[in-house]
K.L.:
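Sharing a structure here in structure tokens format.
One-based numbering, in listed order, for ligands and for the atoms of each.
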Amino acid sequence: MRTDHNPLAAVRNLGILAHVDAGKTTVTERILFATGTTHKRGEVHDGTTVTDFDPQERDRGITIFAAAVSCAWDGHRINLIDTPGHVDFADEVERALRVLDGAVAVFDAVAGVEPQSESVWRQADRHGVPRIAFVNKMDRAGADLDAAVASIRERLHPAPLVVQSPIGSEDTFTGVVDLVRLRALLWADGDAVEEAPVPDGLRDEALARRRALEEAVAELHPGALEEFCETGTLGERTLSSALRDLTRDGDAVVVLCGSAYRNRGVEPLLDAVVAYLPSPLDVPPVRGTHEGEEQERAADPAAPPAALAFKVHATPTGRLTYLRIYSGTIEKGDTLWDASARRTERVGRILRVQADRHAPLDRAVAGDIVAVVGLKSARAGSTLCAPDAPLVLEPPGVPEPVVSVA
Ligand code: GDP
């Protein structure tokens, strides 16, 4: 896939949001596997998943401690940010939501929207996080994509735009029709996904669903409406760019389905993440304050650095501070100002955290998520910035309430 010249256009800072048990760990695990980040598929039930924080899993390496893991997909870097699924960790979810640019919300194809999915969804709404929905567990008895989509529409109130039609159900769930490209994606028994023409027996249903998708998109997107009125249809290119606009503006939620456990649906999900969710260049500049004055910082590597620490972990490598860099460039050995603790800090090492290793970096730029060793005072929520251009960051996309006195 072509990416814009600016390498930041190929970065996706992604979170996976879910109700406990919907399959967040399994989806994460399969993403790491599909992207080649791990080479052995872990299973939740046999305790070999690499994303769970559990000292018993030490020999699985680094990701069990990782607040963010970088992986590669189709020429893009996906920084996968851990978001706890349990309501008891609402503060941690809140912090993770501050630093990601887009999310995949995982639902159970039998249960649909559950109470916790609703609360995490509202939090993501408050932070203006664009989302894709993944209806998981399509292999379970009673799995029903249409019913799950109806519960998303009724309880969460987004405009769900279903871009896949399942092939088979429960035990025979063996593929999906990609309604944007009108191609069938079939999973063989192994991990491989094969692309094929839509089987004859499914063609009429696929065309009807494609038509419904075109109508729903035309209703929401003025550019698509124009083409729809002129030609009576929507071409693949207009459809996918309208889906991207609608997702990024938070006007609609693209819905895909699969069975993470059976490793079905994760590759198309990654394609959708890359195609529809925003890069750091597509999101509004972060806002901060200095001495009561509001400032904005764009994702510009040449601007003064500003970063938010969102997680601190003690690990055998040292004290790792995970940073989302919003502007500027941070280099090894730099002195930064911790605007929250009001003291200077020195950047020891900069690391890109991968599943089984820390890749050392000389520098990291705006839009990126990295771990830094050597910071002593920074804690989750601290702003780190240039000593001569200080500011305290506020949650992006969440305006402070304006109190006006008449
Ligand atoms: P989390 O709590 O959201 O992280 O969910 P997990 O990934 O731990 O999954 C919860 C349970 O659902 C585990 O027993 C998984 O094996 C199971 N599970 C996850 N994905 C699927 C799926 O696609 N199909 C089925 N049948 N079970 C799944």
K.L.:
Any atoms of ligand 1 less than 4.0 Å from a non-hydrogen atom of G23? List them with their elements.
P.N.:
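Within the 4.0 Å cut-off of G23, ligand 1 contributes 1 (P), 3 (O), 5 (O), 6 (P), 7 (O), 9 (O).
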K.L.:
Can you list the ligand 1 atoms lying under 4.0 Å from a non-hydrogen atom of H19?
P.N.:
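It comes down to these atoms of ligand 1: 3 (O).
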K.L.:
Does D139 approach ligand 1 within less than 4.0 angstrom via side chain, backbone, both or neither, non-hydrogen atoms only?
P.N.:
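The answer is the side chain.
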K.L.:
Under 3.5 Å, is there a donor-acceptor pair between the side chain of S327 and the main chain of P304?
P.N.:
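Indeed, once roles are kept as given, a pair shorter than 3.5 Å links the two residues.
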K.L.:
If the cut-off is 4.0 Å to any non-hydrogen atom of K24, which atoms of ligand 1 fall inside it?
P.N.:
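That gives atoms 1 (P), 3 (O), 4 (O), 5 (O), 7 (O) of ligand 1.
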K.L.:
Checking salt bridge (charged side-chain N to carboxylate O under 4.0 Å, His left out) against R131, which of D125, D101, D249 comes through?
P.N.:
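Of all the options given, the one that passes is D125.
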K.L.:
Which one of V266, T26, V27, T28 has a non-hydrogen atom at the shortest distance from atom 15 (C) of ligand 1?
P.N.:
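Closest candidate by heavy-atom distance is T26.
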K.L.:
Can you label the angle between the H313 ring and the Y322 ring as parallel, tilted or perpendicular, going by 30° and 60°?
P.N.:
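Perpendicular: the ring planes of H313 and Y322 meet at over 60°.
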K.L.:
Just jot down the salt bridge (Lys or Arg N to Asp or Glu O under 4.0 Å) partners of R363, sequence neighbours excluded, or say none.
P.N.:
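Only E331 meet the salt bridge (Lys or Arg N to Asp or Glu O under 4.0 Å) criterion with R363.
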K.L.:
Would you check the N or O atoms of A260, main chain and side chain alike, for any that come under 3.5 Å of an N or O of ligand 1?
P.N.:
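Checking ligand 1 against A260, an N or O pair does fall under 3.5 Å apart.
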K.L.:
Side chain or backbone of E29 under 4.0 Å from ligand 1, or both, or neither, by non-hydrogen atoms?
P.N.:
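Neither; no heavy atom under 4.0 Å.
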K.L.:
Looking at ligand 1, does M138 have a heavy atom less than 4.0 Å from it?
P.N.:
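The answer is no, since M138 has no heavy atom less than 4.0 Å from ligand 1.
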K.L.:
Using atom types as modelled and distance alone, determine if a side-chain donor or acceptor of T231 lies under 3.5 Å from a backbone N or O of E227.
P.N.:
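Checking the backbone N and O of E227 against the side chain of T231, a donor-acceptor pair under 3.5 Å is found.
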K.L.:
With sequence neighbours excluded, what pairs up with D108 under the salt bridge (Lys or Arg N to Asp or Glu O under 4.0 Å) test?
P.N.:
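For D108, the residues satisfying salt bridge (Lys or Arg N to Asp or Glu O under 4.0 Å) (neighbours in sequence not counted) are K137, R140.
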K.L.:
Could you check which of K137, E170, R264 puts a non-hydrogen atom nearest to atom 11 (C) of ligand 1?
P.N.:
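Ranked by closest heavy atom to atom 11 (C) of ligand 1, first place is K137.
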K.L.:
Taking 4.0 angstrom as the limit and counting only heavy atoms of V20, give me the atoms of ligand 1 inside it, by number and element.
P.N.:
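Those qualifying, in numeric order: 2 (O).
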K.L.:
Mind checking the OG1-OH spacing from T26 to Y261? Nearest 0.5 Å is all I need.
P.N.:
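If we round to the nearest 0.5 Å, T26:OG1 and Y261:OH are 8.5 Å apart.
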K.L.:
CD of Q164 to CZ of R181: how many Å apart, nearest 0.5 Å?
P.N.:
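These two atoms lie 11.0 Å from each other.
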K.L.:
Using a strict 4.0 Å cut-off to heavy atoms of S259, name the atoms of ligand 1 that fall inside it.
P.N.:
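Matching atoms, with element in brackets: 22 (C), 23 (O), 24 (N).
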K.L.:
Side chain or backbone of N136 under 4.0 Å from ligand 1, or both, or neither, by non-hydrogen atoms?
P.N.:
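Side chain only.
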K.L.:
Which of the atoms of ligand 1 are close to R140, meaning less than 4.0 Å from one of its heavy atoms?
P.N.:
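Taking each heavy atom of R140 in turn, ligand 1 has 26 (N) under 4.0 Å.
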K.L.:
Decide whether an N or O pair under 3.5 Å exists between R262 and ligand 1.
P.N.:
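In this structure, R262 places no N or O atom under 3.5 Å from an N or O of ligand 1.
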K.L.:
Going through the distances and angles, do I16 and I31 end up as a side-chain contact (heavy atoms from CB on, under 4.5 Å)?
P.N.:
CA-CA 11 Å; I16 313 279; I31 289 177; 3.9 Å; yes
